[in-house]
Amino acid sequence: MKVRVRFAPSPTGGLHLGGVRTVLYNYLFARHHGGDFVLRIEDTDQNRFVEGAEQYIMDCLKWCGLEPDESPLKGGPYTPYRQSERKPLYKDYAEQLIDSGYAYIAFDTPEELEKMRAEYRRDDNTNPQYDHFTRGLMRNSLTLPAETVAELVEKGTPYVVRIKMPENETVTLTDMIRGEISFDSSLVDDKVLLKADGMPTYHLAVVVDDYLMKITHAFRGEEWLPSAPVHVLLWQYMGWKEHMPQWAHLPLILKPDGNGKLSKRDGDRLGFPVFAMNWFDPKTGETTKGFREMGFLPQAFVNMLAMLGWNPGVEKELFSLDELVQIFSMERVHKGGAKFNFEKAKWFNHQYIQHTDNAVLAEMVKPYIVKELGDGNMEIGKLEKVVGLIKDRCHLLTDFWEQGHFFFATPEIKELAVIKDKWNDQKQQFFTTWQSKLELLTDWNHDALEASCNELAVECGLKKGDVMLPLRIMLVGGKYGPGVFAIAEVIGKEETIKRIKFVTR
RNA sequence: GGCGUGUUGGUCAAUCGGUUAAGACGCCUCCCUUUCACGGAGGAAUGACGGGUUCGACUCCCGUACAUGCUACCA
């Protein structure tokens, strides 16, 4: 049987790290087994719908290089791939469940539900459920006479369909990561299957669509584990048990400090991105920073995510997507949650930057430089040279400006004191003389500059070390950057002399 | 509260009953570099706790603790 997996996000906002990792594991598993990877949009909650979120999700997948074989956009053999567009289909299945006695109709209003919860709330039961006990006290097709039910439905009274959870059954499932897990059915509530607006809840939709779309393996976050028995029972009640996908519940990605699920808030608070790409929320008008805009290479981002909760058991940690496809296995996914470590994420990106060809890197860095320069008249050949000189010290694409701005614009001298404090006549003489020597220098390159500098320093009774630091401050503005003569070579004669003159005048 | 899941250095983690308990990030020291990085060499730092099972337990079992998830007509 052909492996088919799916990523089923709800379009409610930015795509979280954990979401991307779920996509990744789906993708790797599918490719590893030569199967299909499906994108299905779970937009059954009309209240939470956010304009643009679906497109954003697809853009993120594209950026990461994890494109689905079937999706709302691409289509496929099981169209439509948007649950809102599949709405009519779910009702039949809900009715089938009612007819076979596995589900029932409930008329309770939100107020009545709340009243029930308030009434039965105890210290040892802080959250009463709509379950095998309380359903006998509520207004539903189990407690009301058939005629009354028919009448209420006839009159258009809003109702939901709930699953009728059995009592005292043990529901077990085998999770690819965790092994066998079992639940006591008496402790699971009668989940709503079909909402009053006719839309299915996740519980019904996920089962129906996984069945219809012939999904063989279903991967999702650990937060779904508690409702897994509902899904297993539904597969059974629909008569599809032998087609039920194999489950794998992925561990959570935790916040770096303290404990708990990593949230967008943590990123804002700790200064790192949580979403894959910038997310503009049309409701609040706020933009949340993404890994892409923060200066991550998609390959590095994906590599880092692969290693967060999964490990191949070898010492190597840098893998291309293709390599990951080869060695990935669900059994090697960790059971426990992993705290996100932004320093390590930056390390991955640094590694990828070092391994990227300078010409390719220059193209990637260009927008960041142009943005800082305003309308930059920067040529790519120069940028390529600069990138080669400073890539060592860049962890993010955004670091290139910080580390190399002085190649493109005359820097502000921030550490003038370093020069001034040890300034003397000899140095004054050296730099003024050197300026005129540089004017005459025909071979403007690193070695010629260095030779010229050394020679004159000796003549002036100075050591090389006496002039190097002042020269660096003149050219760079601070105590950092690659070799000074390499810098001078790139910025050219005119600019070099200008910067020396600016300080020595 | 109930139920589920989890727990190896600060973090990510290897180990699948026998090891001096890998490796990486971060941190510290030194070297290289007349800057900052990169790189190189070292270093500190780990099996939550208590019981079993076993010749032997990080590994298997049971408790305890802690953490986390869920307990919506949200996913």
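Below, chains carry the letters A, B, ... as their sequence lines are ordered, and counting in each starts from 1.
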Atom OH in Tyr93(A), atom CG in Asp209(A): separation rounded to 0.5 Å? 9.0 Å
Quickly work out the [X] [atom1] to [N] [atom2] distance and round it to whole Å.
{"X": "Tyr120(A)", "N": "G1(B)", "atom1": "OH", "atom2": "C1'", "value": "18 Å"}
{"X": "Leu187(A)", "N": "G4(B)", "atom1": "CG", "atom2": "P", "value": "7 Å"}
{"X": "Asn349(A)", "N": "C38(B)", "atom1": "CG", "atom2": "C1'", "value": "16 Å"}
{"X": "Leu262(A)", "N": "C12(B)", "atom1": "CG", "atom2": "P", "value": "13 Å"}
{"X": "Met304(A)", "N": "A13(B)", "atom1": "CE", "atom2": "P", "value": "12 Å"}
{"X": "Arg122(A)", "N": "G2(B)", "atom1": "CZ", "atom2": "C1'", "value": "15 Å"}
{"X": "Leu318(A)", "N": "C25(B)", "atom1": "CG", "atom2": "C1'", "value": "13 Å"}
{"X": "Glu402(A)", "N": "A37(B)", "atom1": "CD", "atom2": "P", "value": "13 Å"}

Mind checking whether His405(A) and Tyr480(A) have parallel, tilted or perpendicular rings, split at 30° and 60°? tilted
Taking the six-membered ring for Trp, are Phe328(A) and Tyr25(A) parallel (under 30°), tilted (30 to 60°) or perpendicular (over 60°)? tilted
Please compare Ile181(A) and Asp124(A) by the position of their nearest nucleotide in RNA chain B and report the one closer to 5'. Asp124(A)
RNA chain B: Gly309(A) or Gln354(A), which has the more 5' nearest nucleotide? Gly309(A)
Nearest-angstrom distance, [atom1] atom, [N] to [M]:
{"N": "U33(B)", "M": "A41(B)", "atom1": "C1'", "answer": "16 Å"}
{"N": "G69(B)", "M": "C12(B)", "atom1": "P", "answer": "16 Å"}
{"N": "A21(B)", "M": "A44(B)", "atom1": "P", "answer": "14 Å"}
{"N": "C58(B)", "M": "A72(B)", "atom1": "C1'", "answer": "41 Å"}
{"N": "U59(B)", "M": "U15(B)", "atom1": "C1'", "answer": "8 Å"}
{"N": "G63(B)", "M": "U71(B)", "atom1": "P", "answer": "26 Å"}
{"N": "C3(B)", "M": "U8(B)", "atom1": "P", "answer": "25 Å"}
{"N": "G6(B)", "M": "A14(B)", "atom1": "P", "answer": "15 Å"}

Electrostatic pair [X]:[Y] at N-O distance under 4.0 angstrom:
{"X": "Arg135(A)", "Y": "Asp108(A)", "answer": "no"}
{"X": "Asp266(A)", "Y": "Arg269(A)", "answer": "yes"}
{"X": "Glu54(A)", "Y": "Arg82(A)", "answer": "yes"}
{"X": "Arg121(A)", "Y": "Glu114(A)", "answer": "yes"}

Donor-acceptor pair, side chain of Lys391(A) and main chain of Thr356(A), under 3.5 angstrom: yes
Is the phosphate of C25(B) approached by His350(A) (side-chain N or O, under 4.0 Å from OP1 or OP2)? no
Is [X] touching bases, backbone alone, or none of the nucleic acid, heavy atoms closer than 4.0 Å?
{"X": "Arg121(A)", "result": "nothing"}
{"X": "Phe340(A)", "result": "nothing"}
{"X": "His249(A)", "result": "nothing"}

From A37(B), A13(B), A24(B), pick the nucleotide closest to the side chain of Asp392(A)? A37(B)
Report yes if the distance between the aromatic ring centroids of [X] and [Y] is under 6.0 Å, otherwise no.
{"X": "Trp423(A)", "Y": "Phe431(A)", "result": "yes"}
{"X": "Tyr352(A)", "Y": "Phe296(A)", "result": "no"}
{"X": "Phe219(A)", "Y": "Trp247(A)", "result": "no"}

Looking only at side chains, do His395(A) and Asn349(A) share a donor and an acceptor under 3.5 Å apart? no
What would the secondary structure line of RNA chain B be in dot-bracket form, counting Watson-Crick and G-U wobble pairs under 3.5 Å, with [ ] for pairs that cross earlier ones and | for pairs with another strand? (((((((..(((.....[....))).(((((.......)))))....(((((..]....))))))))))))....
Using a cut-off of 4.0 Å between protein heavy atoms and nucleotide atoms, how would you tag nucleotides 66-75 of chain B 5' to 3' with B, S and -? -SSBSSSBBB
Per the side-chain contact (heavy atoms from CB on, under 4.5 Å) rule, which among Leu97(A), Val160(A), Ile98(A) passes with Leu193(A)? Leu97(A)
Give every pair of a protein N or O atom and an N or O atom of nucleotides 30-34 of chain B that lie under 3.5 Å apart, one pair per line with the distance.
unit_1: U34(B); atom_1: N3; unit_2: Gly465(A); atom_2: N; d: 3.0
unit_1: U34(B); atom_1: O4; unit_2: Lys464(A); atom_2: N; d: 3.2
unit_1: U34(B); atom_1: O4; unit_2: Gly465(A); atom_2: N; d: 2.8

